[in-house]
2 protein chains.
Amino acid sequence: MSTPQQMRPPRPTMRDVAALARVGIKTVSRVLNSEPNVSRETAARVHLAAAQLNYEINSVAGNLRRSGQATKTVGLVVGHVANPFSGQVHAGVEDVLYPHGYSVLAASLDDDPEREQRLVREFLRRRVDGLILTTISHEQTYLLPELSRGLPIVFVDREPGGIAADAVVGDNVGGARGATAHLIAHGHRRIACLADRETLTTATHRVAGYRAALEEAGIEYDPSLVTMNLASADATCAAVAALLGSANPPTAVFTAQNLITIGGIRALRAAGLQHKVALMSFDDLVLADALDPGISCVTQDPRSMGALAGEKLLARLAGDDSAPSTTISPTTLIARGSGEIAAPR
Amino acid sequence: MSTPQQMRPPRPTMRDVAALARVGIKTVSRVLNSEPNVSRETAARVHLAAAQLNYEINSVAGNLRRSGQATKTVGLVVGHVANPFSGQVHAGVEDVLYPHGYSVLAASLDDDPEREQRLVREFLRRRVDGLILTTISHEQTYLLPELSRGLPIVFVDREPGGIAADAVVGDNVGGARGATAHLIAHGHRRIACLADRETLTTATHRVAGYRAALEEAGIEYDPSLVTMNLASADATCAAVAALLGSANPPTAVFTAQNLITIGGIRALRAAGLQHKVALMSFDDLVLADALDPGISCVTQDPRSMGALAGEKLLARLAGDDSAPSTTISPTTLIARGSGEIAAPR
DNA sequence: TTGAAAGCGGTACCAC
DNA sequence: GTGGTACCGCTTTCAA
């Protein structure tokens, strides 16, 4: 079998259209790009020829010569395309960039730090005009050459390490503090905190918010109530089960991420304690209101975070060269029942 | 303010690397593409120069001249990137295509039929090597020229209309029949069916499966129990509430899509009937097992559907020119409680 | 082993 | 209004 491409009829080029319309190639270019100074009849002939050949302009070739080799493409790296949070970020980015003619090359880390650099490298080879990144590795100094070259890079959800760059993140400290304070307001003093990997600023900031709330209430910090590096719902379920079975169990639980919340819910239900032990989640879940009790949470707006990141990128693309800034997207507390269970006395 | 691009230091080209390494440009190309017939010392000089300049090869320019102008890019259109189902499909596609060097341009329809053609057109302009599409418009004859040109196109989740092309879909008829038969086996004879827009084959096939199960059991079809064109959870909630309040209400409900299921759950709970009226869902939901009762469902595997679509595309890309085929991905029935509520007698 | 020249499919610039 | 020609950054071809 020979090369498959050779068996296919070749795609028409501008030259083919020009020949059929009996005009110069430059005139075809003018017509198809809606440039001025073409007579109506000539334009009509060109459009007819293009339609007959089913010609579609080749923007890849065009962009090669065009202004500064812009490709009108941006690269988006998210934690995992299958995670609803990532999907919302993607949607927000799309909302903002598509109307401006940008396409989005999307890829996911799959929770694999190795992939981060590989994906970015692939995007650079494709000469994307900008990058929107959710990172997983600890630092991003490998991006320094690109940054100094002026490539717009915006981080979303997680702040970059080792470099100064734009970022859009949720109010991790404030949200966690609010959630914890909410539990304290309902009389709890022994509050467990379950969080993600400590290489992620999202996780460390949420734990920091938790501690801040304790401190403000004058409650002593008990490290045995805090478990970090939880990477799955199952691991969380086991961790919570262990806490509940301990000598001095918590009366409330703060789960600092959506998968972790699922594990926490499972553990409480397995122990039959879902109406006894309070639960506050960081991030919302579908059907969280249909559970009994409903799951109280502080929630971010990932779609708006994606949109904010897209807007920041557009601004940079348009020449904004102000100092890098971090935008903090607010969180909202939603009370549904699980967070309002009072502490026993 | 002048054009921002002009203020940025220009990105180095192969010529810059060649000059610094004092070799010809073709030698740089050979080294960076790991082609044979280059001396070790020359290769070392080139690598050093490339590293000094932070040079990254421009695959866009390269692909312009390279074999058949392949761009190593595929376009993916999904229903909505923010929908977990779409995210899973995306993940499956990525799993298969990335190891083969393809990048994925992803875009979502946002439930807007208008967007479908615009997005496809944009992908064609970018000369993607293939297309994986979840469609929303009723027919896709506009793709005929591309199909006859040999562009690989694989439909996923929903079958194409008016054209013969590869497709990967769930077992909509079989899954719906199984779900309905499950309810019948628990004594139900008045089973409501709530489904999506009738322009979608997924919706019509699921209703067909529902009817097939009734027929097999010798139950007469009652059109008043079937509501189609439900586009949201809220609309479904209202529709179910109306059915429950009618003179001869259903004893069981089959919700034929995940958003519709959410509406159904809300309606049953609002009426306090979640333990009286049985519910079977098409597609699973996060936390469906944590509800009381747990939500029984037939579930597809969207990630595997995405992967199957990716594999079909790879085969076409490799020259497979067999007749278009439709792959049916099986469904699994998961019993959790809501589907096993017996009919009153 | 190496490199000069042509060309991929368009756009920029400048004559006509 | 129209079109020729150089050229974007790379690969291909072919000669040295």
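Below, chains carry the letters A, B, ... as their sequence lines are ordered, and counting in each starts from 1.
A salt bridge links A:Arg11 to B:Glu146: one of the charged nitrogens lies within less than 4.0 Å of a carboxylate oxygen. Salt bridge annotation for B:Arg125-B:Glu122: absent, with no cationic side-chain nitrogen under 4.0 angstrom from a carboxylate oxygen.
The CZ-P distance, from A:Arg65 to C:dA12, rounds to 7 Å in whole Å. Put simply, NZ on B:Lys26 is 18 Å from P on D:dA16, counting in whole angstrom units. Between the P atom of D:dC7 and the CE atom of A:Met14 lies a distance of 20 Å, rounded to the nearest Å. For the pair A:Arg22 CZ and D:dG3 C1', the interatomic distance rounds to 16 Å; values are reported in whole Å. Whole-Å rounding puts the A:Glu35 CD to C:dG10 P distance at 14 Å. Rounded to whole Å, the distance from CZ on B:Arg15 to P on C:dG3 is 14 Å. Summarising the geometry, the separation between CZ on B:Arg125 and C1' on C:dG10 is reported as 13 Å, rounded to the nearest angstrom. Rounded to whole Å, the distance from CZ on A:Arg30 to P on C:dC13 is 13 Å.
Across all strands shown, B:Thr42 has heavy atoms under 4.0 Å from sugar-phosphate atoms exclusively, and none from any base. Base engagement by A:Asn37 is indicated by at least one non-hydrogen atom pair under 4.0 Å involving a base atom.
If you check D:dT11, D:dG9, C:dT11 against the side chain of B:Ile25, the one that comes closest is D:dT11.
The cationic atom of B:Arg118 (NZ for Lys, CZ for Arg) does not lie both less than 6.0 Å from the six-membered ring centre of A:Tyr98 and within 45° of the ring axis.
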